[in-house]
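Protein chains get the first letters and strands the later ones, always in sequence-line order, with residue 1 at the start of each. For the numbers below, each heavy atom of this structure counts, side chains included, while hydrogens, waters and symmetry mates do not. Remember, it's a predicted structure, so these values are computed and weren't measured experimentally.
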Amino acid sequence: MSQNNGDIKKMMIILSKATLENVYAAFVLANGARMEGIEAEMFFTFFGLEAVHKEKLEHLHVATVGNPAMHMPTLLGGLPGVEALATHMMKKEMEKIDMPDVHEFLDILKASGVKLWVCKLAMDMFHYKKEDMYEDIDGILTVGDFYRQGRGEGTHMLFI
Amino acid sequence: MDRNIAGVTIQVNEEGYLTNFAQWNTAIGDALAAEADLALTPRHWEVLNYLQTEFKNDSPLSIRKIGKSGVVDIKEFYQLFPTAPLKTASKIAGIPKPASCI
């Protein structure tokens with residue numbers, strides 16, 4: 001019988017996308033876990049790798065195409081400059097509510113004890129090297145390694 | 001609700017946070033810390049005093065703000081108060097539970 005009383009002990013958060021809204025959602029969830037005394041580990045895979053890629057992490061955008069909640073006609077969203085403008089506006093709003101930028105957020109996660117893993121398969125596919133990534137990532141893992149990290153009672157996994 | 005701690009009666013909410021900061025004193029802080037399995041050092045007190053000052057100035061607290069406080073960095077904050085640091089430290093400091101998500 002399980003002794004776990006339903007408490008969440010650890011959050012394993014997989015980030016597979018690099019649109020700003022998804023990256024922030026994943027970061028807020030990981031940081032929020034630590035703030036509640038819950039362990040948190042992140043696994044960056046496929047496009048999610050851009051959130052920890054040194055040269056790309058400062059240039060993430062919100063999605064203006066294929067995002068109905070933007071309330072913007074698809075054709076307009078695809079025009080040059082529209083995505084940049086929407087991103088600029090969102091970043092301004094985020095700063096107002098004391099939201100850190102992507103690099104500072106990674107520093108906060110790291111200082112808070114969140115483990116940051118990158119996916120081996122995706123690294124190989126994009127031809128990225130460890131030196132290309134945010135300096136404090138904890139390592140390059142296979143899917144199996146990541147599952148092993150999540151062993152134990154009270155672990156929850158989240159795919160973004 | 002009322003509770004007795006460190007020889008006095010104080011008012012707390014259902015999560016154990018003081019509802020009247022005026023009732024707080026350092027003995028209560030020490031007793032609340034002991035309940036969280038913490039023995040307060042001068043370093044802890046520097047951080048707790050900072051939190052109380054921010055509270056008195058009506059300045060909302062967040063992890064990011066702690067990191068920029070110049071009093072303690074985020075890593076040390078987690079070392080001083082390992083489990084849910086902002087909530088735990090706020091409770092010990094006698095101030096309300098922070099409503100921040102970051």
Side-chain angles (χ1 to χ4, degrees), chain A residues 5 7-11 13 15 20-42 51 90-116 134-138 152 154-156 158 160, chain B residues 13-17 32-40 43-44 46-48 50-55 57-93 95-102:
Chain A
N5 58 3
D7 282 348
I8 301 173
K9 297 264 180 61
K10 189 193 272 194
M11 287 300 296
I13 299 166
L15 179 64
L20 209 50
E21 67 274 23
N22 285 295
V23 172
Y24 272 102
F27 285 3
V28 169
L29 285 162
N31 179 60
R34 295 298 301 130
M35 286 177 71
E36 293 298 317
I38 297 165
E39 284 181 65
E41 304 198 12
M42 297 191 70
M90 186 179 249
K91 283 185 173 173
K92 248 173 62 183
E93 288 303 313
M94 284 175 161
E95 186 57 42
K96 275 191 217 159
I97 57 164
D98 202 29
M99 192 80 114
D101 66 28
V102 173
H103 197 283
E104 187 193 337
F105 218 145
L106 285 169
D107 293 343
I108 291 174
L109 294 175
K110 198 62 208 172
S112 306
V114 177
K115 289 209 163 66
L116 306 173
Y134 173 73
E135 54 274 20
D136 279 335
I137 60 164
D138 288 274
T155 295
H156 291 235
L158 201 56
I160 297 172
Chain B
N13 68 12
E14 61 284 354
E15 290 183 285
Y17 291 82
L32 288 169
E35 289 178 4
D37 291 325
L38 291 171
L40 299 180
R43 232 6 229 145
H44 288 94
E46 283 176 49
V47 175
L48 294 169
Y50 165 73
L51 298 182
Q52 291 171 339
T53 305
E54 291 305 303
F55 167 68
N57 292 335
D58 271 331
S59 176
L61 289 161
S62 68
I63 287 286
R64 185 191 194 197
K65 193 165 159 189
I66 299 283
K68 289 175 181 276
S69 65
V71 176
V72 65
D73 64 26
I74 294 171
K75 196 168 184 179
E76 191 190 359
F77 190 43
Y78 272 91
Q79 283 161 358
L80 291 170
F81 303 94
T83 307
L86 194 55
K87 286 172 68 182
T88 304
S90 295
K91 188 182 276 186
I92 295 168
I95 64 174
K97 178 173 147 181
S100 167
C101 286
I102 39 176

Looking at Lys75(B), I want to see if its NZ is surrounded by more than 12 non-hydrogen atoms of other residues, nucleotides or ligands under 6.0 Å.
no
Identify the residues of residues 57-65 of chain B whose heavy atoms come closer than 4.5 Å to a heavy atom of chain A, ordered by number, or report 'none'.
Ser62(B), Ile63(B), Arg64(B)
Calculate, to the nearest 0.5 Å, the distance between atoms CG and OG belonging to Leu86(B) and Ser112(A) respectively.
10.5 Å
Heavy-atom pair of closest approach, residues Pro85(B) and Arg34(A)
CD-O, 4.1 Å
Looking at every heavy atom in both Met35(A) and Ser100(B), which two are closest together, and how far apart are they?
CE-O, 3.8 Å
Phe105(A) versus Ile102(B): any side-chain heavy-atom pair under 4.5 Å?
yes
Search all heavy atoms of Ile108(A) against all heavy atoms of Ile74(B) and return the closest pair with its distance.
CG1-CD1, 3.6 Å
With respect to chain B, which residue among Ala111(A), Gly32(A), Gly37(A) yields the maximal number of heavy-atom pairs within a distance under 4.5 Å?
Ala111(A)
Under 4.5 Å from a heavy atom of chain B, the part of Ile97(A) involved:
backbone
